[in-house]
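Single-structure report; data block below.
Each ligand, and each atom within it, is numbered from 1 in the order the structure gives.
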Amino acid sequence: MTARVETDTVVVGLGAMGSQALWRLAREGVDAIGVEQFVPGHDRGSSHGESRIIRTAYLEGAEYVPFVQAAWRAWDELEQASGSRLVVRSGALMLGGPDSGVISGSVAAAEHHGLAHERLSADELAERHPRHAVRTGEVGVFEADAGAVLPEASILAAVRLARLAGARVWTGRAVTRIEPDPDHPRVRVGDTEIRARRVIVTAGAWLPGLLPGTARLGGGIRVERRVLGWFRVTGPACDTSAPEPVFAREEPDGALWYGFPSMDDGRTVKIGVHAEPPEVGAGTTRPTGSQWGEPVDPGTGPRPPDGADARRLGALAAGLRGVAPLPERMASCMYTMTPDEHFLIGRRSELPGLILAGGFSGHGFKFASAVGRALADLARDGRTDLPVGMFDPHRWDSPPAHP
Ligand SMILES: Cc1cc2nc3c(=O)[nH]c(=O)nc-3n(C[C@H](O)[C@H](O)[C@H](O)COP(=O)(O)OP(=O)(O)OC[C@H]3O[C@@H](n4cnc5c(N)ncnc54)[C@H](O)[C@@H]3O)c2cc1C
């Protein structure tokens with residue numbers, strides 16, 4: 001026997017993006033159901049590990065800046081509504097060679113949008129940021145409008161507020177099928193079929209499995225493993241009254257890694273690898289423990305961290321002063337990568353009634369507050385004034401042939 005339930009909008013997956021969309025819908029009085037296969041704030045997707053960097057001078061492209069600015073405003077709204085601190089405003093420090101992507105990209109975005117930033121020489125870096133063992137030729141960019149967002153706390157806050165505003169939240173229940181339809185898309189959860197006006201699909205690493213057509217978009221969506229490591233601070237102690245900035249650092253071989261000092265009263269510095277060296281030349285290999293490109297089946301989850309991961313992270317942490325040589329704990333996590341590493345937000349014509357948000361390519365969390373607003377707008381009105389056009393899921397389609 002199939003039970004049938006009706007609602008206006010279903011949100012499939014209550015992680016970073018889905019939790020915010022559900023809250024936005026519920027506070028606007030839209031009848032909505034959110035379905036999450038685990039419990040909100042879990043550690044089996046892409047949104048665990050206690051902290052995510054938020055920066056405004058966006059090195060991935062100046063065109064992101066208006067969207068980050070919208071996200072800052074939306075984080076303020078969530079903080080005020082929940083009464084919780086969800087963003088730590090520590091500033092961010094970028095380190096690398098003067099021509100590295102991390103430096104040139106941040107400066108280009110800051111200059112294009114007139115954002116406050118400071119360019120630092122190697123001597124200024126060494127004096128002002130002694131945590132970093134600066135190499136000859138390295139320079140820095142400091143941005144005050146940056147810091148860390150707390151992922152699990154944000155998801156829990158958004159889901160709690162969504163419930164309070166009247167959303168129905170189904171947890172520990174997986175969506176097994178989504179049937180697109182322009183008027184009444186349907187979602188299957190066990191023996192229950194939910195008939196809705198719109199379905200928002202925010203299933204993270206599970207999106208390509210749930211809607212198989214999306215797995216091929218742009219040449220292929222890839223789910224990859226990444227590992228985070230927490231290194232004990234041995235000295236100098238982090239200054240918790242004025243938190244040390246979060247950072248991203250590009251190595252001479254192109255590896256890009258990042259870290260968060262002082263998130264736990266200065267006990268540890270957490271680091272992770274965003275991208276490994278882009279090229280492996282003849283006779284050379286990637287560093288032991290490289291995490292770039294290792295595919296993951298989200299059904300089984302990423303391989304647990306091992307000794308090779310600890311050594312890889314330890315080799316990078318050698319660029320920090322006053323931390324232990326190996327991590328005291330580690331966690332595995334998933335990136336869902338699109339071919340151009342830009343997000344997927346919007347509709348696909350062959351999936352009528354559905355609104356997708358996925359492929360956040362390892363840099364989506366900071367935008368979750370604005371993504372939630374955009375998804376709620378799209379579900380309710382069919383349009384949004386937020387700048388999500390560059391994330392159009394149709395962007396790779398070949399242009400129609402002209403006679
Ligand atoms: C190690 C790491 C470091 C990162 N660092 C940063 C950073 O510093 N700054 C930044 O901005 N971004 C960062 N990111 C990226 C950011 O965290 C992700 O882009 C973001 O969390 C993705 O959110 P999501 O909602 O798409 O996925 P998730 O948060 O994983 O949510 C998807 C949810 O859908 C649920 N779900 C899936 N299938 C079903 C189903 N069938 N039925 C019901 N529920 C389902 C899942 O259980 C999950 O809860 C990082 C990511 C990782 C992994």
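- Applying the 4.0 Å criterion to heavy atoms of V35 picks out, from ligand 1, the atoms 43 (C), 44 (N).
- When hydrogens are left out, the protein atom nearest atom 23 (O) of ligand 1 is A16 CB, 3.3 Å; that is the closest non-hydrogen contact.
- Numbered from 1 in the order shown, with element, the atoms of ligand 1 that lie under 4.0 Å from a heavy atom of T202 read 32 (C), 33 (C), 34 (O).
- Nearest protein neighbour of atom 28 (P) of ligand 1, counting heavy atoms only, is S47 OG, 3.7 Å.
- A salt bridge links R55 to E60: at least one charged side-chain nitrogen sits closer than 4.0 Å to a carboxylate oxygen.
- A distance of 6.0 Å or more separates the ring centres of F142 and H117.
- Sparse packing is recorded around CZ of R216, with 12 or fewer heavy atoms of other residues, nucleotides or ligands lying under 6.0 Å away.
- Nearest protein heavy-atom neighbour of atom 34 (O) of ligand 1: G13 CA, 3.2 Å.
- Taking a cut-off of under 4.0 Å to the non-hydrogen atoms of G204, the atoms of ligand 1 that pass are 26 (O), 27 (O), 32 (C).
- Distances between N or O atoms of I53 and those of ligand 1 include at least one value under 3.5 Å.
- Heavy-atom proximity to atom 30 (O) of ligand 1, evaluated over G18, S46, A203, is greatest for S46.
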*Just do the side-chain contact (heavy atoms from CB on, under 4.5 Å) check on M330 and D309 with the steps written out, would you?*
CA-CA 9 Å; M330 295 186 284; D309 294 311; 4.0 Å; yes

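- Considering backbone and side-chain atoms alike, H363 places an N or O below 3.5 Å from some N or O of ligand 1.
- Numbered from 1 in the order shown, with element, the atoms of ligand 1 that lie under 4.0 Å from a heavy atom of F38 read 47 (O).
- The ligand atoms of ligand 1 that sit less than 4.0 angstrom from a heavy atom of K366 are 9 (N), 10 (C), 11 (O).
- With hydrogens and angles disregarded, no donor-acceptor distance shorter than 3.5 Å links the side chain of T268 to the backbone of K270.
- For the residues H42, M17, Q37, the heavy atom positioned nearest atom 48 (C) of ligand 1 is part of H42.
- Annotation for ligand 1: atoms under 4.0 Å from non-hydrogen atoms of M334 are 53 (C).
- Residue G272 places every heavy atom at 4.0 Å or more from ligand 1.
- The pair R195-E179 fails the salt-bridge criterion, with no side-chain N (NZ, NE, NH1 or NH2) lying under 4.0 Å from an Asp/Glu carboxylate O.
- Salt-bridge formation is not detected for the pair D181/R198: no Lys NZ or Arg NE/NH1/NH2 atom is positioned less than 4.0 Å from an Asp or Glu carboxylate oxygen.
- Residue G362 has at least one heavy-atom neighbour below 4.0 Å for each of these atoms of ligand 1: 6 (C), 12 (N), 13 (C), 14 (N), 15 (C), 50 (C).
- Nearest to atom 40 (C) of ligand 1 among the protein's heavy atoms is V175 N, 3.7 Å.
- Distance check, rounded to the nearest 0.5 Å: CG of D377 to CG of D385 gives 6.5 Å.
- For the pair E152 (side chain) and E50 (backbone), a donor-acceptor distance under 3.5 Å is present.
- By heavy-atom distance, the residue among R55, K270, E36, R188 lying nearest atom 47 (O) of ligand 1 is E36.
- Counting protein heavy atoms only, atom 2 (C) of ligand 1 is closest to Y335 CE1, 3.6 Å.
- Residue contacts with ligand 1: C333 is placed with no nitrogen or oxygen under 3.5 Å of a nitrogen or oxygen of the ligand (distance criterion only).
- Ranked by closest heavy atom to atom 3 (C) of ligand 1, the top entry among F365, Y258, F260 is Y258.
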*Check step by step if side chain to side chain donor-acceptor pair (under 3.5 Å) holds for H132 and R321.*
CA-CA 6 Å; H132 299 274; R321 289 207 180 82; over 6 Å; no

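- Considering both main-chain and side-chain atoms, G358 never comes within under 3.5 Å of ligand 1 through any nitrogen or oxygen pair.
- Looking only at distances, a side-chain donor or acceptor of T202 sits under 3.5 Å from a matching main-chain atom of V12.
- The residues R249 and E138 are annotated as salt-bridged, a charged nitrogen and a carboxylate oxygen being separated by less than 4.0 angstrom.
- The N/O atoms of L228, backbone and side chain alike, include none that comes under 3.5 Å of an N/O atom in ligand 1.
- With ligand atoms numbered from 1 in the order given, ligand 1 contributes 37 (C), 38 (N), 46 (C) to contacts under 4.0 Å with heavy atoms of W206.
- Of the protein's non-hydrogen atoms, the one nearest atom 31 (O) of ligand 1 is G15 CA, 3.3 Å.
- Between E294 and R303 a salt bridge is recorded (basic side-chain N to carboxylate O distance below 4.0 Å).
- Under 3.5 Å, the side chains of T2 and D191 contain no donor-acceptor pair of N or O atoms.
- Annotation: R52 places an N or O atom under 3.5 Å from an N or O atom of ligand 1; distance criterion only.
- For the ring-ring contact (aromatic ring centres under 6.0 Å, His included) criterion with F391, the lone passing option out of F367, W396, F343 is F343.
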